[in-house]
*Asks:* 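Structure in structure tokens, see below.
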Amino acid sequence: MPIDLHMHSTASDGTDAPAALAKLAAEAGLSAIALTDHDTTAGLAECAKACKRRKLTFVPGIELSTERGKPRGALHLLGYHIREDAPALRAVIDELQEARRMRNPQIVESLQKLGVDITLDEIAAEAGEAGASGSATIGRPHIAAVLVRKGYAKSIQDAFRRYIGFGAPAYARKDNLAPQRGIEAIHEAGGVAVLAHPVQLKCEDDTELQQLVAQLVRAGLDGLEIWHSDHTPAMVDQYRRLAERYELIVTGGSDYHGLRKQIAIGSQAVPDDVLASLAASSKSA
Ligand code: AMP
Ligand code: ZN
Ligand code: FE
Ligand code: FE
């Protein structure tokens, strides 16, 4: 049976509660899911419980926002089979949340200066209950959603392009984590570190991607996400060869975000033998 190892809940920028993801996954005929919210583990316990009720295999995960020291250098790291109470992981999550608490008000201030009627409270409300409780992740997708709802942008994409994306007038950078530290934190939590959606790294060519992967492998990277909604079949083949070359395990998932993106849960054909490779590389599974 197919599996889906990349999805977001209301604990970050998805629109389904963690328990609702288990229901959707069961209805889609999946045998296993991983919850990989941005920079938070707040949804894991609820999702694990709901998966157990539905006899779905659950892999506790996270998607860490790291930065590779160049403009537009976002690098997302997936951590699987993490122990969420591991001190090194908690420290990194606290840092990432603090960076958001610094940045989000800067974005709001810039927007207000541009004449946009928007407040931090509205953004917290958009992020929902989870956001208000302080344990969840509030990010630009929530800000973009408010901009769309209030008529300042036609779509989420348009909001990023006109206001908050890189190079746009209300863009603000956030202090981000070095990928090496993200990998270390995942390992110290007994987890498996996987480079998410390589296409989003926007590498100039194969060589740049290869060099980056080689560098991450030296830092301890365990796997490569080859199946993803942004990857064409040709990319899946290219990334599979790259994974073979560096002896990385391969993983994949839809990156389902509920109503915020046009992506269906379970829409990537990820084979269930990936679960065994993940468990074998993990120190906590
Ligand atoms: P944040 O981590 O709060 O800075 O938000 C980053 C998230 O915003 C990414 O994970 C993407 O899902 C989303 N994002 C970034 N750039 C764009 C864009 N140009 N259009 C739509 N979504 C974007
Ligand atoms: Zn997201
Ligand atoms: Fe991502
Ligand atoms: Fe994601």
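Remember, it's 1-based here, ligands and their atoms both numbered in the order they're listed.
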*Asks:* Does only the side chain of K261 get under 4.0 Å from ligand 1, or the backbone, or both, or neither? Count heavy atoms.
*Replies:*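 Contact part for K261 vs ligand 1: side chain (C-beta onward).
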*Asks:* Give the residue and atom name of whichever protein heavy atom lies nearest to atom 6 (C) of ligand 1, and the separation in Å to one decimal.
*Replies:*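 Its nearest protein heavy-atom neighbour is R140 NH2, 3.7 Å.
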*Asks:* In this structure, does ligand 1 have an atom that sits under 4.0 Å from one of the heavy atoms of R100?
*Replies:*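 Judged by the 4.0 Å heavy-atom criterion, R100 does count as contacting ligand 1.
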*Asks:* Answer yes or no: is there an ion pair linking D117 with K150, defined by an N-O contact shorter than 4.0 Å?
*Replies:*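 Between K150 and D117 there is a salt bridge, with a charged N closer than 4.0 Å to a carboxylate O.
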*Asks:* Give the name of the N/O/S atom in D13 that lies closest to the Zn ion (ligand 2).
*Replies:*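 The nearest such atom is OD2.
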*Asks:* Flag H8 as yes if one of its N/O/S atoms falls below 2.8 Å of the Fe ion (ligand 4), otherwise no.
*Replies:*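 An N, O or S atom of H8 is closer than 2.8 Å to the Fe ion (ligand 4), so yes.
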*Asks:* Numbering the atoms of ligand 1 from 1, which are under 4.0 Å from a heavy atom of R103?
*Replies:*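 Answer for ligand 1: 1 (P), 3 (O), 4 (O).
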*Asks:* Can you tell me which N/O/S atom of E63 has the shortest distance to the Fe ion (ligand 4)?
*Replies:*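 Closest to the Fe ion (ligand 4) among those atoms: OE1.
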*Asks:* Do me a favour and list the nearest non-hydrogen protein atom to atom 20 (N) of ligand 1 with residue, atom name and distance?
*Replies:*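 The answer is Q157 OE1, 3.2 Å.
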*Asks:* When H76 is tested against each of H6, E63, H38 for side-chain hydrogen bond (donor to acceptor under 3.5 Å, both in side chains), which residue passes?
*Replies:*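 Answer after filtering H6, E63, H38: E63.
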*Asks:* Is H257 in contact with ligand 1, taking contact as a heavy-atom separation below 4.0 Å?
*Replies:*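 H257: no contact with ligand 1 (<4.0 Å).
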*Asks:* Less than 4.0 angstrom from a charged side-chain N to a carboxylate O is my criterion; do R100 and D39 meet it?
*Replies:*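 Yes.
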*Asks:* Is any NZ, NE, NH1 or NH2 atom of the basic residue among E98 and R101 found under 4.0 Å from an Asp or Glu carboxylate oxygen of the other?
*Replies:*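 Yes, this pair counts.
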*Asks:* Find all atoms of ligand 1 within a distance of less than 4.0 Å from any non-hydrogen atom belonging to H76, and give their numbers and elements.
*Replies:*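 Within the 4.0 Å cut-off of H76, ligand 1 contributes 10 (O).
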*Asks:* Within 2.8 Å of the Zn ion (ligand 2), is there any N, O or S atom belonging to H38?
*Replies:*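 Of the N, O and S atoms in H38, at least one lies under 2.8 Å from the Zn ion (ligand 2), which means yes.
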*Asks:* Judged by atom type as modelled, is there a donor-acceptor pair below 3.5 Å linking the side chain of S282 to the main-chain atoms of V192?
*Replies:*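 Judged by distance alone, no pair lies under 3.5 Å.
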*Asks:* Is the Fe ion (ligand 4) less than 2.8 Å from at least one N/O/S atom of H6?
*Replies:*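 It does; at least one qualifying atom falls short of 2.8 Å.
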*Asks:* Is a salt bridge present between R240 and E244, judged by a nitrogen-to-oxygen distance below 4.0 Å?
*Replies:*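 Between E244 and R240 there is no salt bridge, as every charged N stays at least 4.0 Å from the carboxylate O atoms.
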*Asks:* Report, in ascending order of atom number, the atoms of ligand 1 lying under 4.0 Å from any heavy atom of G139.
*Replies:*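 Under 4.0 Å from G139, ligand 1 has these atoms: 3 (O).
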*Asks:* Heavy-atom contact check, 4.0 Å cutoff: does P141 meet ligand 1?
*Replies:*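 Yes, P141 has a heavy atom closer than 4.0 Å to ligand 1.
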*Asks:* Okay, side chain of H8, backbone of Y256: is any donor-acceptor separation there less than 3.5 Å?
*Replies:*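 No, H8 side chain to Y256 backbone: no donor-acceptor pair under 3.5 Å.
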*Asks:* Given 3.5 Å as the limit, does a donor-acceptor pair link the side chain of D4 with the main chain of G266, or not?
*Replies:*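 Checked: pair present.
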*Asks:* Treating E122 as the side-chain partner and T119 as the backbone partner, does any N or O pair qualify as donor plus acceptor under 3.5 Å?
*Replies:*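 Here the side-chain-to-backbone pair exists.
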*Asks:* If you have a sec, work out which protein heavy atom is nearest atom 18 (C) of ligand 1 and how many Å separate them, to one decimal?
*Replies:*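 Heavy-atom neighbour on the protein nearest atom 18 (C) of ligand 1: F160 CG, 3.4 Å.
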*Asks:* Considering only NZ, NE, NH1 and NH2 on the basic side and carboxylate oxygens on the acidic side, decide whether E126 and R140 come within less than 4.0 Å.
*Replies:*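 Here E126 does not pair with R140 in a salt bridge, since their nearest N and O are not under 4.0 Å apart.
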*Asks:* H257: which N/O/S atom is nearest the Zn ion (ligand 2)?
*Replies:*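 Within H257, restricted to N, O or S, the Zn ion (ligand 2) is closest to atom NE2.
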*Asks:* Sub-3.5 Å donor-acceptor pair from the side chain of E67 to the main-chain atoms of L177, do we have one?
*Replies:*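 Such a contact is absent between E67 side chain and L177 backbone.
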*Asks:* Looking at D255, pick out the N, O or S atom nearest to the Fe ion (ligand 4) and give its name.
*Replies:*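 Among the N, O or S atoms of D255, the one closest to the Fe ion (ligand 4) is OD1.
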